[in-house]
Number of protein chains: 2
Amino acid sequence: MIAIAPLQSQPVRSYASSVLPLPRQQCAGCRLHRFCLPTGLSGIQNSQFDSIVIHRRVLKDEPLYKMDDPFRSIYAIRLGHFKTHQVSRNGFEQIAAFHMAGELVGLDGLGTDRHQCYATALEDSEVCEIPYSKLEQLFTEIPPLLRQFHRLMSEELTREQTAMLLLGNLRAEQRFAAFLTNLSARYSARGYSATSFHLRMSREDIANYLGLTIESISRIIARLKARGLVSISNRDVELLDLPTLRALSIGELTVH
Amino acid sequence: MIAIAPLQSQPVRSYASSVLPLPRQQCAGCRLHRFCLPTGLSGIQNSQFDSIVIHRRVLKDEPLYKMDDPFRSIYAIRLGHFKTHQVSRNGFEQIAAFHMAGELVGLDGLGTDRHQCYATALEDSEVCEIPYSKLEQLFTEIPPLLRQFHRLMSEELTREQTAMLLLGNLRAEQRFAAFLTNLSARYSARGYSATSFHLRMSREDIANYLGLTIESISRIIARLKARGLVSISNRDVELLDLPTLRALSIGELTVH
DNA sequence: CGATGTCTTGAAGTGGTTCAAGTCACGTGG
DNA sequence: CCACGTGACTTGAACCACTTCAAGACATCG
């Protein structure tokens with residue numbers, strides 16, 4: 001589980017002041033280096049990259065950026081969790097993804113020079129802001145950086161396609177199983193437990209992401225508990241039978 | 001509507017032979033230039049770009065690439081339509097997007113060096129194959145090309161997020177209205193009629209894309225016809241009341 | 001002109017929603 | 001430390017949108 005450094009609570013939580021600058025740190029020593037943009041760079045390249053990064057803190061429930069904000073930077077999550085969500089004209093919200101430490105957010109703004117969604121912190125978090133104009137300059141100087149940038153962007157595309165497959169084809173229970181096993185795999189890749197973790201998002205967020213209602217989520221959890229597949233109390237999750245959950249999520253099993 | 005050049009039918013339609021080379025053509029004169037990758041390039045830059053492009057023909061129902069194929073190129077659609085679709089382990093298919101002339105496909109392969117989905121021609125089509133290794137070289141020489149590449153990739157991300165919003169939040173009728181108005185806008189941007197076009201995909205494909213059944217599609221079409229909003233016979237569509245369809249698709253109206 | 005695949009229409013069934021009460025967790029203040 | 005209040009989550013019963021199953025109509029093409 002990701003340890004959260006104790007943060008003194010900020011009395012002022014307005015948008016402008018919620019994205020707080022922090023002292024500069026170095027990428028080379030970052031625990032998440034191999035997931036991030038400067039993966040595979042040489043020492044000199046790494047410090048070139050370091051020099052454009054701005055370290056910031058974002059408080060829980062505060063936006064890192066909002067829909068329609070001018071696009072200036074992309075962000076690597078250093079600590080904490082975010083959700084990216086669109087809001088349609090008539091007020092419907094759809095969460096497109098949950099992002100954890102080591103992932104990149106903000107790529108949505110590249111196309112139109114304005115962000116196409118909100119990015120909101122699910123808990124007090126820290127990000128590395130990477131000004132895009134400066135990054136673009138580095139691309140010409142450091143080709144491997146460009147390659148990794150494309151790789152991460154493409155992975156984002158694939159992730160969204162998989163989420164569509166989930167929303168379009170799976171039943172409620174399968175969707176939730178897929179959600180759990182996906183989190184499990186991502187935590188596992190980052191060196192955390194694959195079977196025991198804490199949900200950073202509310203039932204409402206989960207329901208929204210999966211295209212369901214919170215009541216359905218509750219009922220599904222109750223059913224999975226009853227079969228001994230999971231143990232969930234509040235937001236603490238334990239996956240008791242990962243293979244069966246995986247099988248469920250790809251539709252091999254149906255539990256009635 | 002896009003005119004299809006008469007193609008002599010190919011007796012052999014195997015995968016390998018279905019992606020046929022065609023004589024080289026120039027991007028500068030292409031009708032779709034302003035949607036495509038080399039938008040905004042100078043004359044010299046354009047011919048640099050021309051030199052790496054391979055022109056190909058793909059026959060109806062044939063794959064341009066398959067899931068797990070090694071990633072080597074991206075493709076600009078010059079003529080015709082494609083669908084990109086994922087297939088999950090247990091055989092479920094999900095169409096991620098329909099692509100028309102002027103759009104880029106193949107970006108999904110960048111992350112893992114293998115394509116993450118299928119791209120299949122909905123009709124006899126022509127594409128401009130752009131080998132990625134050569135494109136990468138041009139990026140360093142032609143910065144505007146890189147910018148446009150990122151723009152197109154980001155737009156793809158946004159499109160998929162919007163599709164997720166659709167699958168997660170809208171009712172069947174709203175989804176179909178959104179589908180129609182989306183096609184309308186894209187044809188309109190390309191200089192074709194916004195209200196009258198031909199569907200290149202089957203009801204089955206539409207249903208799959210929208211996360212519904214073909215029966216539901218049929219019934220929705222019947223209802224929209226009955227209200228005088230559309231006139232659809234077979235795959236020929238006429239949008240009789242575009243404003244109402246738009247309103248429907250964003251959930252402002254509900255037609256029971 | 002018949003065969004085949006695609007699309008439409010009808011009737012019954014159901015998974016998930018909606019509405020409405022609870023229950024639980026947690027922070028606040030007495 | 002415990003009572004209280006609030007927001008998050010759970011559970012139950014009724015409903016409905018969409019699916020499923022089944023049949024029939026229509027288009028297309030050898």
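All values below were derived from every heavy atom in this structure, side-chain atoms included, with hydrogens, water molecules and symmetry-related copies excluded. Just so you know, these numbers come straight off a predicted model, no measurement behind them. Throughout, a chain's letter reflects where its sequence line sits, starting with A, and its residues are numbered from 1.
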S.K.: NZ of B/K60 versus P of D/dT28: gap in Å, rounded?
M.R.: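 Whole-Å distance recorded here is 11 Å.
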
S.K.: Going by ring-ring contact (aromatic ring centres under 6.0 Å, His included), name the residues that satisfy it together with A/F98, two or more places apart in sequence or in a different chain.
M.R.: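 Applying ring-ring contact (aromatic ring centres under 6.0 Å, His included) to A/F98 gives A/Y209.
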
S.K.: Could you tell me the separation between the CG atom of A/D205 and the P atom of D/dC9, rounded to a whole number of Å?
M.R.: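 After rounding, the reported distance stands at 9 Å.
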
S.K.: Report, one pair per line, the protein and nucleotides 21-23 of chain C atoms (nitrogen or oxygen only) whose separation is under 3.5 Å.
M.R.:
none

S.K.: Atom CG of B/D236 to atom P of D/dC26: distance rounded to whole Å?
M.R.: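 In whole Å, D/dC26 P lies 18 Å from B/D236 CG.
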
S.K.: Indicate whether the side chain of A/D108 and that of A/Y65 have a donor and an acceptor atom separated by less than 3.5 Å.
M.R.: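 Distance-only check passes for A/D108 and A/Y65.
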
S.K.: Rounding to an integer number of Å, can you tell me how far A/L167 CG sits from C/dG16 P?
M.R.: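 These atoms are roughly 13 Å apart.
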
S.K.: Do B/T181 side-chain atoms and B/A177 backbone N/O form a donor-acceptor pair below 3.5 Å?
M.R.: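 Checked: pair present.
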
S.K.: If we ignore angles and hydrogens, is there a donor and acceptor under 3.5 Å between the side chains of A/E129 and A/S73?
M.R.: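 A pair is found: one side chain offers a donor N or O, the other an acceptor, under 3.5 Å apart.
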
S.K.: For residues A/E204 and A/I214, report the shortest heavy-atom separation together with the two atoms involved.
M.R.: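 So the minimum-distance heavy-atom pair works out to CA-CG2, 3.3 Å.
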
S.K.: Looking at every non-hydrogen atom in both residues, tell me the closest pair between A/C117 and A/Q86 and how far apart they are.
M.R.: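 Taking every non-hydrogen atom into account, CB-CG, 4.0 Å.
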
S.K.: Could you state the CZ-P distance from B/R171 to D/dC18, rounded to the nearest angstrom?
M.R.: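 Nearest whole value for this atom pair: 5 Å.
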
S.K.: Which nucleotides of nucleotides 6-12 of chain C have their base under 4.0 Å from a protein heavy atom (B), which only their sugar-phosphate (S), and which neither (-), written as one string 5' to 3'?
M.R.: -SBBBB-

S.K.: Figure out the CG/P separation between A/L212 and D/dC9, and round it to whole Å.
M.R.: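 From A/L212 CG to D/dC9 P: 15 Å.
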
S.K.: Please report whether the ring centroid of B/H99 lies less than 6.0 Å from that of B/F82.
M.R.: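 So the answer is no for these two rings.
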
S.K.: Are the side chain of A/R114 and the backbone N or O of A/G109 linked by a donor-acceptor pair below 3.5 Å?
M.R.: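 Such a contact is absent between A/R114 side chain and A/G109 backbone.
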
